[in-house]
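Chain letters run A, B, ... following the sequence lines, proteins first and then strands; every chain starts at 1.
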Number of protein chains: 2
Amino acid sequence: MTKLNILPGTLDLIVLKVLSIEPLHGYAVSQRVQAASNGRLLLEEGSLYPALYRMERKGWIESEWQKTDNGRRARVYRLSDEGGRQLAQEEANWLGVSAVMGSILDLK
Amino acid sequence: MTKLNILPGTLDLIVLKVLSIEPLHGYAVSQRVQAASNGRLLLEEGSLYPALYRMERKGWIESEWQKTDNGRRARVYRLSDEGGRQLAQEEANWLGVSAVMGSILDLK
DNA sequence: CTCTATGCTTAGATTGTCTAAGTAACTCTA
DNA sequence: TAGAGTTACTTAGACAATCTAAGCATAGAG
């Protein structure tokens with residue numbers, strides 16, 4: 001079980017997908033990703049937060065400040081309709097890319 | 001069948017894999033990739049050639065000028081032993097990454 | 001003799017992620 | 001009650017990777 005870096009170009013897809021399950025704040029997003037990857041994939045904060053800001057500017061996600069269970073403030077993000085369409089598109093693109101990679105790695 | 005861009009971070013793996021089948025010159029590499037992807041994946045020349053130079057500097061591939069069938073000169077690249085090890089490593093990394101992506105995209 | 005395909009080269013822009021540092025508040029433990 | 005660890009966010013700058021775009025040169029087809 002080696003440590004893995006996120007593949008450049010897949011960060012938005014990952015975040016959109018996680019947020020499509022339920023609204024979460026940034027820190028929780030990074031924990032979800034770690035959990036879903038059995039701790040193998042680490043989403044750096046310096047990557048995650050700027051990505052959230054960028055995607056909010058693009059209208060893919062929306063946010064508001066809330067209090068968490070433990071009395072801390074956190075900015076909670078949720079997927080917008082446009083974000084849902086973007087997610088579908090990026091998901092399809094990923095499936096295409098990984099299929100192509102599969103056929104290349106299958107060469108003999 | 002949409003057009004696909006290469007995922008940043010997978011270029012070396014793609015080229016090493018193609019060269020592991022048989023030695024090829026740059027132009028042929030790009031054609032192999034297109035063929036293996038049913039024309040969906042285009043390897044830009046401005047990406048491919050610098051990648052070849054870079055990998056040769058690292059010792060992963062070796063090259064020599066040759067004449068092709070049609071009387072043109074071409075620099076033919078072949079995988080080195082070190083390149084073979086690098087390929088194995090990148091291939092394993094890809095499998096890990098795509099498995100992780102799969103489990104994230106499977107979230108419900 | 002012009003057009004298309006083959007084949008290579010390189011400068012610079014652009015994009016994306018990471019490194020690294022910082023702020024701040026809460027919880028647990030000694 | 002002081003300190004450590006966790007939660008949570010912010011941002012500047014570095015760095016790596018790919019693409020854009022332009023160019024050179026030759027061969028074969030029409």
Separation of [N] [atom2] from [X] [atom1] (nearest whole Å):
| X | N | atom1 | atom2 | result |
| --- | --- | --- | --- | --- |
| B:Glu44 | C:dC8 | CD | C1' | 15 Å |
| A:Asn5 | D:dA16 | CG | C1' | 12 Å |
| A:Leu43 | D:dT7 | CG | P | 16 Å |
| A:Leu48 | D:dT7 | CG | P | 15 Å |
| A:Arg72 | D:dG5 | CZ | C1' | 10 Å |
| B:Glu45 | D:dC19 | CD | C1' | 12 Å |
| B:Ile6 | D:dT20 | CD1 | P | 12 Å |
| B:Leu41 | D:dC19 | CG | C1' | 14 Å |

- Message: Looking at the base of C:dC8, is there any donor atom on it, or on the side chain of B:Arg75, that sits under 3.5 Å from an acceptor on the other one?
- Response: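 Answer is no: no donor-acceptor pair is held.
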- Would you say A:Leu42 and A:Val29 are hydrophobically clustered, going by side-chain heavy atoms of ILVMFWY under 4.5 Å?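 A:Leu42 does not cluster with A:Val29.
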Could you check whether [X] gets within reach of a base, just the sugar-phosphate, or nothing at all, counting any heavy atom under 4.0 Å?
| X | result |
| --- | --- |
| A:Thr10 | sugar-phosphate |
| B:Gly26 | sugar-phosphate |
| A:Gln66 | nothing |

Would you say [X] reaches [N]'s phosphate, i.e. side-chain N/O to OP1/OP2 under 4.0 Å?
| X | N | result |
| --- | --- | --- |
| A:Gln31 | D:dT6 | no |
| B:Tyr27 | C:dT6 | yes |
| A:Thr68 | D:dA8 | yes |
| A:Asn70 | D:dA8 | yes |
| B:Tyr49 | C:dT9 | no |

Nearest to the side chain of [X], heavy atoms from C-beta on, is which of [options]?
| X | options | value |
| --- | --- | --- |
| A:Trp65 | C:dT9, C:dT17, D:dT10 | D:dT10 |
| A:Tyr53 | C:dC18, D:dC9, C:dC8 | D:dC9 |
| A:Arg73 | D:dC9, D:dT18, C:dA5 | D:dC9 |

- Residue met sooner reading DNA chain C from 5', once A:Lys67 and A:Leu11 are mapped to nucleotides: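 Comparing both residues, the 5'-ward one is A:Leu11.
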- Residue closer to the 5' end of DNA chain C, B:Tyr77 versus A:Leu42 (nearest nucleotide): B:Tyr77
- Message: When you measure from the side chain of A:Gln66 to the backbone of A:Arg73, do you find a donor-acceptor pair of N or O atoms at a distance under 3.5 Å?
- Response: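 Absent.
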- Message: Would the distance check show the side chain of A:Ser80 and the main-chain N or O of A:Glu62 forming a donor-acceptor pair, the cut-off being under 3.5 Å?
- Response: no
- Message: Name the residue from A:Leu52, A:Asp12, A:Asp81 that meets the side-chain contact (heavy atoms from CB on, under 4.5 Å) definition with A:Trp60.
- Response: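 That would be A:Asp12; it is the only one of A:Leu52, A:Asp12, A:Asp81 passing the side-chain contact (heavy atoms from CB on, under 4.5 Å) with A:Trp60.
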- Is B:Glu22 paired with B:Arg32 through a side-chain N to carboxylate O contact shorter than 4.0 Å? yes
- Steps toward side-chain contact (heavy atoms from CB on, under 4.5 Å) verdict (B:Val33, B:Ile6): CA-CA 10 Å; B:Val33 171; B:Ile6 182 180; over 6 Å; no
